[in-house]
Amino acid sequence: MSTPSASTPDGGTPTEFPPIPNNGDSSLQRLKNVPGYSTPVFKGKEEQRAKVQATVVQKGFIPRELVSNEVNWFYTFLGIDDTYFHSETVEVIADHIIALYGAKVLAYTKRDPSKLVIDLENIDPKSNGATFIHTSSPGKTVTEGPGSVCENRIDALYLDKSTPEHAYRLETYRSLGSVSATASQQLRCYFITKCKFPVKPPASARSDGKTDIRTVSDPVFLEKASANTIEIYQSVMWNVEKRYGPVIEVFEVEGSRERRLVIGYKMGGTTKFFSALSNLYHFYSLYSTRKYVEQFSNGITIISLYLNPLPNANAPPIEHSIFQVMKEASLLYTLPDNPFFYAGSGASSGHAVQEAVYAYCGWVFAQHFCNRLGQAYLSLKNILDENNPTHAEVLNDIKRRFREETFTRESIAQVIHAHPHLINLLYVNFAMVHYPEVDEAQLMFRDVARGGIRIVMSRNRESYSINQRMLFDENYGLASTQNLKNKDIPEGGAKGTILPALGASPLLCFEKYVDAIIDLLIPGQSPGIKERLVDLYGKPELLFFGPDEGTADMMDWAALHARHRGADAWWKSFTTGKSAETLGGVPHDTYGMTSLSIRQYVLGIYKQLGLREKDITKVQTGGPDGDLGSNEIKLSSDKTIAVIDGSGVLADPHGINREELIRLATLRVPISHFDRSKLSKDGYVVLVEDQDVKLPSGEVVLDGTDFRNGAHLRFKADLLVPCGGRPEAVNISNVAALVDSEGKPHFKYIVEGANLFITQQARLYLEKRKVILYKDSSANKGGVTSSSLEVLAGLSLSSEEYTRLMIFKDGKPSEFYQNYVKDIQQKITENAAAEFHCIWKEHARLQGSKPRTLISDELSGKLNALQEELEASDLFDDVPSKRGVMNRAIPKTLINELGLDTFLDRLPEAYQRALFSSWVASHFIYKYGVNGSSVDFFHFARDLAV
């Protein structure tokens, strides 16, 4: 049987590939005009035709005298591929012929041949495959009828769900002939079959360790694909294995205007992609004669499209438009369901993909910034007292309503849809200024920055909508806090927040996020897909990731992926929180890095007030299963009366048995594992799942979860050390519960170990009542110091040195690693003690007129401002000063191993400036206070070279 056309909608031949040329400079390669897939001739076709004709006659829906012509048209003149006849039963084919005849009759009654619509399908109830057939006009995306949803259904039912264990391959063809003598429509046939990968794959013929495509293929693919097609797919597969984005190749067919687009990617890397591609090439007035989707048992998908220009179309020639299709296919892979790339019949209707992505970015940007609160809210805020709980509640309610009811996600989208011409004009202006620049958002406060990447998951659509509205504000707040905390290290504050769509894979979202950031950090290009980036900023930017909510176990992957992408110089420092044994990370929990900083503030209070630790009563949030909680238990020797963690509340007014607490902390298990025989008669454990529990005092706890959530507000002790818990656990609405009826606070001292545990308003409320409080950005900076020095080792050591010195051998750290960890612990202790004393002295100098919370903020602000001034100054260029500072700023273990000169040769200058400036700024401010004078700095700078 003849095959579909490769030159016009009416006839031609599918194509075959020779091997890919070795020259990587060209994104267009030439193919011979020969078949790339074979369609086996169905030898039983004539016998089947006779049975089908008899079945149609038997059913009686078509007049007997017309049956022969209808069956003959269907089998001979319609030009359906033999794949259909081979795969379908006599009964199904007979039903399809009757359906076609019925559609003709209906179109005739409407006196309009264009109304002839065919919609046939046969879905296997055992999920082994399906057949879909519908009328289709070449080069047009239909917006109603069966063709408008067919490919979307195929994506949803089969392609998006494909995994190596349950994969589906697809073949789709356009019929050669029209559906009737009076209608020009053709049929588009889709054949989906479940892949049957061999249980025992054939042995690989390769000796170079690369994947042999024949060992991971479905037998049907190997039977139908030509040798050159297999060779092309083999090359694409190898490229897909090396990267996380799509691999896209375009091929020119000799002697025709046909182009073949081959796209490879990892299964699950995108959704709705197959159907989105049809909209894409239709936008440029192209049509497909054949399309294939092949799945492989190693988790790779390859799509192949045979594309041709629509005759007499008012559109760019395919010789030009195919490169736009190639580039925009990469964008579609990222945003296949972009709501602003809607169906159209060409460039005059609908947005091009790049324009639609621009609209999408504008939509997201507007969601973040159009719901700002405005001048009226700020005026009201200035009038009211935020420290007054009633006033604060009114302000919070107004803020919430402004953000929920003004510029919503839906209303912004409606405006964009209603004014497409504005998007056209704005995009043209954008392209003229920026093209071909590519931009990516990552909130960072300085050019050298580090911060955690967190994933925010949503339980339902409402939760997702709330998270989306608050995304930028939350990210900005976290980055700002991080910047305050990073005051005495080279990196400025940064934060990345990923909000996956409902049902999306968090890991896949993280992988795409990291890959996109690496695209911006590595100079390079993918021919035909990504042009070389244009850097209008013109300054080097160094960005480092750390673990945060939902990403702690993903840091290893990010570092290895950066190395795989070619970041030889900085893959070692790209992420912190890496595995110690395999990637040389320095885990905060193992070595108590954050807790060491917190302890300096606790011990500082004891020393200044002449207190003995064993006499101090303490309440701790965050239990023995966490990093801060476990290390706080191990490092302290106080009388802990309550521990609150995710599993519940452990309390004993006579002091919780410390040996038992240490046992739990060593095992890293929650307080639910506490041996209750170690409690005094007045002690108790209430777990979140408990109900109607009677406490020793006689009080009845109705619900364990509610009790746990408010437990930090009920206890009284000398010291509160939050080592865990939700942000804003103490806020202006509930902080009054921490003060008794006589105005006496429940706690004398608070060292805020957990990030954002107490709001700023609540901190000031407590300090006004004489609570000695040190806020999070001062107290818990030990972790960021450790991570910063982990980055420093990664930047300065070569890959060979890093492997030898930082990565464990036989499960044991090197002597260098152990000494370096001690250096880090010493730096943390020194920095924390220096800041504590600076804040204490300033508070005493002002005779308590300014809260320590504000002094801490002022200190951070002055430090960051001075650091920025120093980075821009020429003080760094003074070689003796630079060498003197570097000798003191760099851990001795690192200097002894490399020598200062080697170290400075390897470290990027931008990072050297940041390191120099942060050390000078922090040591000057800690020595002279926030009001140090220019004369003070002159004397300080004079001694830098010593």
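Everything numeric here is computed off the predicted structure, so don't read it as measured data.
Heavy-atom minimum distance, Ser321 versus Pro316: OG-O, 4.0 Å.
For the pair Ile133 and Tyr190, the minimum side-chain heavy-atom distance is 4.5 Å or more.
Listed by first and then second residue, the salt bridge (Lys or Arg N to Asp or Glu O under 4.0 Å) pairs that reach into residues 261-273 are Lys272-Asp337, sequence neighbours excluded.
For His564 (side chain) and Lys242 (main-chain N/O), a donor-acceptor pair under 3.5 Å exists by modelled atom type. Checked by atom type and distance alone, the side chain of Ser226 pairs as donor or acceptor with a backbone atom of Thr229 at under 3.5 Å. Checking side-chain atoms of Thr215 against main-chain N and O of Asp212 turns up a donor-acceptor pair under 3.5 Å. A donor-acceptor contact shorter than 3.5 Å links the side chain of Arg259 to the backbone of Arg257. Looking only at distances, a side-chain donor or acceptor of Trp238 sits under 3.5 Å from a matching main-chain atom of Thr211.
Remark: of the listed residues Lys291, Arg188, His134, Lys291 is the sole one forming a side-chain hydrogen bond (donor to acceptor under 3.5 Å, both in side chains) with Glu151. For the side-chain contact (heavy atoms from CB on, under 4.5 Å) test with Tyr284, the passing option among Val325, Leu310, Ile318 is Val325; the others fail. With Ser288 as reference, Tyr281 is the one residue of Tyr281, Tyr173, Tyr306 to meet the side-chain hydrogen bond (donor to acceptor under 3.5 Å, both in side chains) rule.
Ion pairing of Arg153 with Glu121 is present here, as a side-chain N (NZ or NE/NH1/NH2) and a carboxylate O approach within less than 4.0 Å. Of the charged side-chain nitrogens involved, none lies within less than 4.0 Å of a carboxylate oxygen, so that Glu252 and Arg260 do not count as a salt-bridged pair.
Judged as a side-chain hydrogen bond (donor to acceptor under 3.5 Å, both in side chains), and not counting sequence neighbours, the contacts of Glu88 are Asn122, Thr131.
Ring orientation note: the planes of Trp363 and Tyr360 are nearly perpendicular, at an angle over 60° on the 30°/60° scale. In this pair, His417 and Phe340 present their aromatic rings tilted. The plane angle is within the 30 to 60° band.
Annotation: cation-pi geometry not satisfied between Lys194 and Tyr158 (NZ/CZ under 6.0 angstrom from ring centroid, within 45° of ring axis).
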Does the pair Tyr427 and Gln354 meet the rule for a side-chain hydrogen bond (donor to acceptor under 3.5 Å, both in side chains), with working shown? CA-CA 9 Å; Tyr427 178 72; Gln354 293 183 55; 3.3 Å; yes

